[in-house]
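Quick notes on the structure that follows.
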Amino acid sequence: MSTALKLVRTPNVMGEERRRGQAVSVSGSGRAATLARRAVSVVTTALFVVALAGFLALAVGPRIFGYQTMTMLTGSMSPLINPGDVVVTTAVPANEIRAGDIITYHIPVEDQRVETHRVTEVTGNPDGSITVQTKGDANNGVDPWLATISSETVDRHTATIPHVGALIRTLREPIILNTLMYGAPAVLVIGMLASIWGKKPDTDEPETTGMTTGSNA
């Protein structure tokens, strides 16, 4: 009589359950990392596009297309132009200015600040210059000065971009600027590292065996 040993592969139930739990955990963390990475990518891309568009519009555009931009600080031209709006102007010959046009110019009194108001009256002068009376749409009366435009061109209102000026001023705040410059890349790197660390190689394979005995006569 001889005895033979047979190695029979039997499932390790506890091991398989543990691996399933680990797979579910890894899968859940992987999905979370993927979602976080996508969210960071979308936010970073959006910020980059906004920053690029703003740079092109405010820095490159005026040099190529000849327009100028400024942020409205007061409500004197409301509701057409509100505080925080960006005013877009283009230079036109001074002799083309008419009553009803909105112009941007230096006022002739006080600090000679830049003002954007509507022209209510235009008077030509012998030397070829013009004198304008202006008024803010939201003001009750005309401005208490007459401005003489001696230059060949005047910046005339072309378009208004709502709220962008307020956003630009906000982005120029040191804390916001530093956050965008250093925070966004840091979040992107963290998302990439989380994605890498979330990937675990599946090297476990069932290696359990059972041993049975049998006899042959």
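Just so you know, these numbers use all the heavy atoms, side chains as well, and skip hydrogens, waters and symmetry mates.
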So, His157 and Thr160: side-chain donor and acceptor under 3.5 Å apart, yes or no? yes
By salt bridge (charged side-chain N to carboxylate O under 4.0 Å, His left out), Arg113 pairs with (sequence neighbours left out) Glu110, Asp111, Glu115
Once side chain to side chain contact (heavy atoms under 4.5 Å, CB included) is applied, do any residues pair with Asn140, and if so which ones, sequence neighbours excluded? none
Quick check: is Ile130 connected to Val119 through a chain of hydrophobic side chains (ILVMFWY, heavy atoms under 4.5 Å apart)? yes
Are Ile103 and Tyr67 joined in one hydrophobic group, where the rule is that I, L, V, M, F, W and Y side chains link up if heavy atoms are under 4.5 Å apart? no
Contacts of type side chain to side chain contact (heavy atoms under 4.5 Å, CB included), residue Pro162, not counting sequence neighbours: Asp85
For residues 148-155, which side-chain donor-acceptor pairs fall under 3.5 Å, sequence neighbours excluded?
residue : atom : partner : partner atom : Å
Thr148  : OG1  : Thr131  : OG1          : 3.3
Ser151  : OG   : Thr153  : O            : 2.8

Test of understanding: with side chain to side chain contact (heavy atoms under 4.5 Å, CB included), list the residues that count as partners of Asn95, not counting sequence neighbours. Pro93
Residues forming a side chain to side chain contact (heavy atoms under 4.5 Å, CB included) with Thr74, sequence neighbours excluded: Met72, Ser76
Report yes or no: does Gln68 contribute a side-chain atom to a donor-acceptor pair with the main-chain N or O of Val87 at less than 3.5 Å? no
A side-chain contact here means heavy atoms from C-beta on lying under 4.5 Å apart; do Val88 and Ile161 qualify? yes
Of all pairs that satisfy salt bridge (Lys or Arg N to Asp or Glu O under 4.0 Å), the ones with a partner from residues 123-138, not counting sequence neighbours: Arg118-Asp137
Looking at residues at least two apart in the chain, or sitting in another chain, which of them share a side chain to side chain donor-acceptor pair (under 3.5 Å) with Thr116? Thr104
Connected via hydrophobic side-chain network under 4.5 Å: Val132 and Trp145: yes
What's the separation between atom CD1 in Ile107 and atom CD in Gln112, rounded to the nearest 0.5 Å? 8.0 Å
Do the non-hydrogen side-chain atoms of Asp143 and His117 ever get within less than 4.5 Å of each other? yes
Would a single hydrophobic cluster contain both Met70 and Phe65, if residues Ile, Leu, Val, Met, Phe, Trp and Tyr are joined by side-chain heavy-atom contacts under 4.5 Å? no
For Leu146, what are the other residues in its hydrophobic cluster, where any two members join if their side-chain heavy atoms are less than 4.5 angstrom apart? none
By salt bridge (charged side-chain N to carboxylate O under 4.0 Å, His left out) - contacts of Asp101 (at least two apart): Arg156
Atom pairs and distances, side-chain donor-acceptor, residues 77-84, under 3.5 Å, sequence neighbours left out:
residue : atom : partner : partner atom : Å
Ser78   : OG   : Gly75   : O            : 3.2
Ser78   : OG   : Asn82   : OD1          : 3.0
Asn82   : ND2  : Pro79   : O            : 3.4

Thr120 versus Thr134, closest heavy-atom pair with distance: OG1-N, 4.1 Å
